[in-house]
Q: 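To start, I am sharing the structure in question, which I have written as structure tokens.
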Amino acid sequence: RLYICMSKNNKQLLIMKKNSIKSITAISVIIILFCALSAVFVIGQGIVMFIKPADIGVVWDDANKALQLLVAIGRPLGGAAFFVLMTTFLIKTIKGLKNGILFPRSNVPILYFSALALFIYNFCYSNGGVLTGKDALLIDTDDIGISMIFVVFAMIYKIAVKVSEENSLTI
């Protein structure tokens, strides 16, 4: 590590930065482990849905089979994609912090795709009743709202990337 410090205050600032990066890394590792377990759980549920559908109450209906397949496949794929994208986001953020980049540009598309994956997962989760033959198709405002919050976050993050890049060019 380089210490280009002219005073004791600058050295303390650098030590604070190292401690912050260590804290963020530790929290991120815990979140990554949670994401991995969640992805395995969601994929496992999807597999069980096809192997032993009667055990979890799935009733395949020929009239709604396409919709049922969409829900049955969309939930584990959307959930797994969301958790993989969030893990990728955290890993890229940690690498960026270690290189002195607070907002890596490569995280912007990850956030947009995360919003899409989250919408697919939530939509399919909300429509789980289609698999049991008890409910019709439903579009929940929460599914749209949560995904839109992710889109807004991605837009704010994109602005933060631009501001961060402009600040790094300023002398």
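Nothing fancy with the numbering, it's 1 onward along the sequence.
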Q: Could you tell me whether the side chain of Q68 and the main chain of V130 form a donor-acceptor pair under 3.5 Å?
A: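 Looks like yes, one N/O pair under 3.5 Å.
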Q: State, to 0.1 Å, how close A39 and A80 come at their nearest heavy-atom pair, and which atoms those are.
A: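 Nearest heavy atoms, A39 then A80: CB-CA, 4.3 Å.
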Q: Search all heavy atoms of P104 against all heavy atoms of G96 and return the closest pair with its distance.
A: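 So the two residues come closest at CG-CA, 4.2 Å.
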Q: Where is the tightest heavy-atom contact between W60 and A72, given as atom of each residue plus distance?
A: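 Of all heavy-atom pairs spanning W60 and A72, the closest is CH2-CB, 4.1 Å.
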Q: Grouping I, L, V, M, F, W and Y whenever their side-chain heavy atoms are under 4.5 Å apart, do F153 and I110 come out in a common cluster?
A: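 Linked, F153 and I110 end up in one cluster.
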Q: Quick one: CD1 on I139 to CG on N127, what's the gap to the nearest 0.5 Å?
A: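 One gets 8.0 Å once the value is rounded to the nearest 0.5 Å.
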Q: As an exercise, state the distance from CZ of F89 to OG of S28, rounded to the nearest 0.5 Å.
A: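 If I round to the nearest 0.5 Å, the distance is 9.0 Å.
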Q: Would L69 and F50 count as a side chain to side chain contact (heavy atoms under 4.5 Å, CB included) if you check the C-alpha gap in whole Å, the side-chain angles of each, and the deciding distance to 0.1 Å?
A: CA-CA 10 Å; L69 285 172; F50 286 101; 3.8 Å; yes
Q: Which heavy-atom pair separates S147 from A115 by the least distance, and what is that distance?
A: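 Closest heavy-atom pair between S147 and A115: OG-O, 3.5 Å.
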Q: Nearest 0.5 Å, what's the CG-CG distance between L102 and L97?
A: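 Rounded to the nearest 0.5 Å, the CG-CG separation comes to 6.0 Å.
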Q: Hydrogens and angles aside, do T93 and N107 bring a side-chain donor and acceptor to less than 3.5 Å of each other?
A: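 Judged by distance alone, the side chains do pair up.
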Q: Indicate if I47 and V42 have the same hydrophobic cluster label, given that clusters are the connected sets of ILVMFWY residues with side-chain heavy-atom separations under 4.5 angstrom.
A: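 Looking at the clustering, V42 is in a separate group from I47.
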Q: Is there a chain of hydrophobic side chains (I, L, V, M, F, W, Y, each step under 4.5 Å between heavy atoms) that links V71 to L77?
A: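 They do share one cluster, since a chain of ILVMFWY contacts under 4.5 Å joins V71 to L77.
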Q: State which residue, out of F82, Y112, F119, fulfils the ring-ring contact (aromatic ring centres under 6.0 Å, His included) condition with F150.
A: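 It is F82; the other options fail the test.
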Q: First locate atom CG of L118, then atom CG of L111, and finally report the distance between them rounded to the nearest 0.5 Å.
A: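 Separation between the atoms: 11.5 Å.
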Q: Please give me the minimum heavy-atom distance between S126 and D143, naming the atom from each residue.
A: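 Distance-wise, the nearest heavy atoms are OG-OD2, 2.9 Å.
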Q: Under a single-linkage definition using a 4.5 Å side-chain heavy-atom cutoff for Ile, Leu, Val, Met, Phe, Trp and Tyr, are M86 and F103 assigned to the same hydrophobic cluster?
A: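 Yes; F103 is reachable from M86 via cluster members.
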Q: Distance check, rounded to the nearest 0.5 Å: D142 atom CG versus N122 atom CG?
A: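 One gets 8.5 Å once the value is rounded to the nearest 0.5 Å.
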Q: For the residue pair L67 and L70, establish whether any side-chain heavy-atom pair is separated by less than 4.5 Å.
A: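 A side-chain contact exists here, since the closest heavy-atom pair is under 4.5 Å.
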Q: Would you say F113 ends up clustered with V108 if hydrophobic residues are merged whenever their side chains have heavy atoms under 4.5 Å apart, either directly or through other cluster members?
A: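 Yes; tracing contacts between hydrophobic side chains, which count when under 4.5 Å, links both residues.
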Q: Around atom OH of Y125, are there more than 12 heavy atoms of other residues, nucleotides or ligands at under 6.0 Å?
A: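 Count not over threshold, so no.
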Q: Which heavy atom of A81 sits nearest a heavy atom of A117, and at what distance?
A: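 Nearest heavy atoms, A81 then A117: CB-CB, 4.0 Å.
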Q: How long is the span from the CZ atom in R105 to the NZ atom in K92, to the nearest 0.5 Å?
A: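 So the CZ of R105 and the NZ of K92 are separated by 13.0 Å.
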